[in-house]
Amino acid sequence: MRIYHSLLNAAKFRKVFDFGEREVAHWFPGHMAKGLKQMKANLRKVDCILEIHDARIPFSGRNPSFQESLDVRPHILILNKMDLADTSKKQSILKQLDREGVRNVLFTDCLRQRDENVKGIVPLVTELIESGSRFHREEDRSYCLMVIGVPNVGKSSLINAVRRTYLKKGKASKVGGEPGITKAVLTKIQVCERPIIHLLDTPGVLPPRIENIETGMKLALCGTILDHLVGEDVIADYLLFSLNRLERFSYVEKYNLEEPSDDIQHVLKCIAVKLGKTKRVKAITGVGNITVQLPDYSAAAYDFIRAFRKGELGKVMLD
């Protein structure tokens with residue numbers, strides 16, 4: 001009966017997220033503009049493009065600025081972080097991408113020590129390169145691939161995963177949990193011996209203008225835009241809205257809520273209580289100043305978002 005009551009309440013939750021007067025956060029710092037310029041300059045040396053994107057948002061936020069690059073070289077779209085994505089609709093995603101002209105698609109989890117899908121990259125790359133013209137690179141028997149994508153989708157992790165799989169060697173590219181770790185186009189990193197393959201790591205580059213506010217929120221939720229540019233409170237509220245819309249209520253048990261909620265302030269208060277996150281605040285009273293302990297909503301929002309990004313709130317598909 002309690003479950004029925006909770007689901008009945010959930011049916012009354014928001015159907016549309018109120019973005020208010022917010023604008024899309026534009027984050028296109030100097031290293032992105034420089035990186036895009038360097039990528040275009042290096043294109044003549046490249047045999048194939050590996051575009052990495054977050055599997056939770058297969059259609060949202062892919063940078064149209066890359067299209068010029070993709071049109072002149074073989075292109076593979078790698079949807080990474082599949083361990084965090086609900087892949088039950090994988091076939092419909094592949095069909096939609098095929099209709100958009102994207103036919104070479106792989107799903108990967110590059111943080112796994114052994115990911116069978118990573119093993120499929122080199123054979124597919126070799127097939128695509130050898131079946132087409134290499135123009136001025138015909139005599140060079142080594143292959144050069146450029147890894148591109150928006151920030152924080154796992155480009156460096158992919159390079160390390162391919163290198164680990166084929167050369168049995170460790171990290172060659174620095175990995176971080178926030179956007180902006182790779183600042184410039186790096187030198188070639190060898191990842192395979194037979195055939196000889198080098199990868200070029202590149203900085204994550206967002207579109208100078210993001211198409212709409214909802215796409216911007218999805219990118220922010222997946223950690224592609226720096227949190228402070230959007231606001232952790234806003235990201236946390238959009239996360240709650242998304243989880244409820246998808247009927248993913250694992251946050252209820254994780255944070256000891258009585259039932260699903262559509263009120264972000266209530267949820268954050270419960271999270272703060274659960275984690276013991278409080279802050280001391282001075283209050284002015286008629287008998288003098290006193291110090292009171294209040295829930296730390298900022299710390300709670302941070303934990304809520306972090307839990308989602310680590311997959312602790314279940315697998316989701318935001319598109």
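We find the CG-CG distance between Leu97 and Asn104 to be 11.0 Å, quoted to the nearest 0.5 Å. Distance check: Lys89 NZ to Met317 CE gives 8.5 Å after rounding to the nearest 0.5 Å. Separating the CZ atom in Arg44 from the SG atom in Cys144 is a distance of 12.5 Å, to the nearest 0.5 Å. Taking CG of Leu313 as the start and CG of Leu246 as the end, the distance is 12.0 Å to the nearest 0.5 Å. Here the NZ atom belonging to Lys277 is positioned 13.5 Å from the CG atom belonging to Leu268, to the nearest 0.5 angstrom. With rounding to the nearest 0.5 Å, the separation of CD1 in Ile271 from CG in Leu257 is 7.5 Å.
Here the side chains of Lys218 and Leu221 are not in contact, with every heavy-atom distance at 4.5 Å or above. Between Val316 and Leu243, some side-chain heavy-atom pair lies under the 4.5 Å cut-off. In this structure, the side chains of Asp233 and Ile264 stay at 4.5 Å or more apart for every pair of heavy atoms. Using a 4.5 Å cut-off on side-chain heavy atoms (C-beta onward), Val234 and Phe19 make no contact.
Here the closest heavy-atom approach between residue Gly61 and residue Thr215 is recorded as N-CG2, 3.6 Å. Closest of all the heavy-atom pairs between Ala300 and Ala272 is CB-N, 3.9 Å. Taking all atoms of both residues into account, the shortest heavy-atom contact from Met217 to Val230 is SD-CG1, 3.8 Å.
Looking at residues two or more places apart in sequence or on another chain, you find no salt bridge (Lys or Arg N to Asp or Glu O under 4.0 Å) involving Lys95. The side chain to side chain donor-acceptor pair (under 3.5 Å) test applied to Ser242 returns no partner, not counting sequence neighbours. The side chain to side chain donor-acceptor pair (under 3.5 Å) check on Gln265 picks up nothing, with sequence neighbours excluded. A search for salt bridge (Lys or Arg N to Asp or Glu O under 4.0 Å) contacts involving Asp86 returns Arg248, not counting sequence neighbours. Among residues two or more places apart in sequence or in another chain, the salt bridge (Lys or Arg N to Asp or Glu O under 4.0 Å) test is passed with Lys274 by none.
Residues Leu77 and Val122 do not share a hydrophobic cluster, defined by chaining ILVMFWY side chains whose heavy atoms lie under 4.5 Å apart. Residues Ile78 and Tyr143 share a single hydrophobic cluster, defined by chaining ILVMFWY side chains whose heavy atoms lie under 4.5 Å apart. Criterion: ILVMFWY side-chain heavy atoms under 4.5 Å apart, direct or through other members. Under it, Leu94 and Ile57 are not part of a common hydrophobic cluster.
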Inset, instruction - Check step by step if side-chain contact (heavy atoms from CB on, under 4.5 Å) holds for Glu51 and Val102. - result: CA-CA 11 Å; Glu51 181 191 2; Val102 183; over 6 Å; no
Inset, instruction - Give the C-alpha distance, both sets of side-chain angles, the deciding distance and a yes or no for side-chain contact (heavy atoms from CB on, under 4.5 Å) between Lys45 and Leu200. - result: CA-CA 10 Å; Lys45 307 173 186 176; Leu200 286 175; 5.7 Å; no
Inset, instruction - Assess whether side chain to side chain donor-acceptor pair (under 3.5 Å) is satisfied between Asn152 and Thr224, documenting all intermediate values. - result: CA-CA 5 Å; Asn152 203 29; Thr224 294; 5.8 Å; no
Inset, instruction - Could you walk me through whether Val162 and Ile197 pass side-chain contact (heavy atoms from CB on, under 4.5 Å), step by step? - result: CA-CA 10 Å; Val162 176; Ile197 295 179; over 6 Å; no
Legend entry - Leu50 vs Val125, side-chain contact (heavy atoms from CB on, under 4.5 Å): CA-CA, chis, key distance, verdict: CA-CA 9 Å; Leu50 301 183; Val125 163; 4.0 Å; yes
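Between the side chain of Asp54 and the main chain of Val153, no donor-acceptor pair closer than 3.5 Å is present. Between the Asn244 side chain and the Leu240 main chain, a donor and an acceptor come within less than 3.5 Å of each other. Not a single donor-acceptor pair under 3.5 Å links the side chain of Asn80 to the backbone N or O of Ile52. In this structure, Asp319 contributes its side chain and Ser60 its backbone to a donor-acceptor pair below 3.5 Å. A donor-acceptor distance shorter than 3.5 angstrom exists from the side chain of Tyr166 to the backbone of Lys119, with no hydrogens or angles considered.
Using the six-membered ring where Trp is involved, Phe241 and Tyr238 have ring planes that are tilted, between 30° and 60° apart.
Screening residues 96-108 for salt bridge (charged side-chain N to carboxylate O under 4.0 Å, His left out) gives Asp98-Arg103 as the qualifying pairs, with residues at least two apart or on separate chains.
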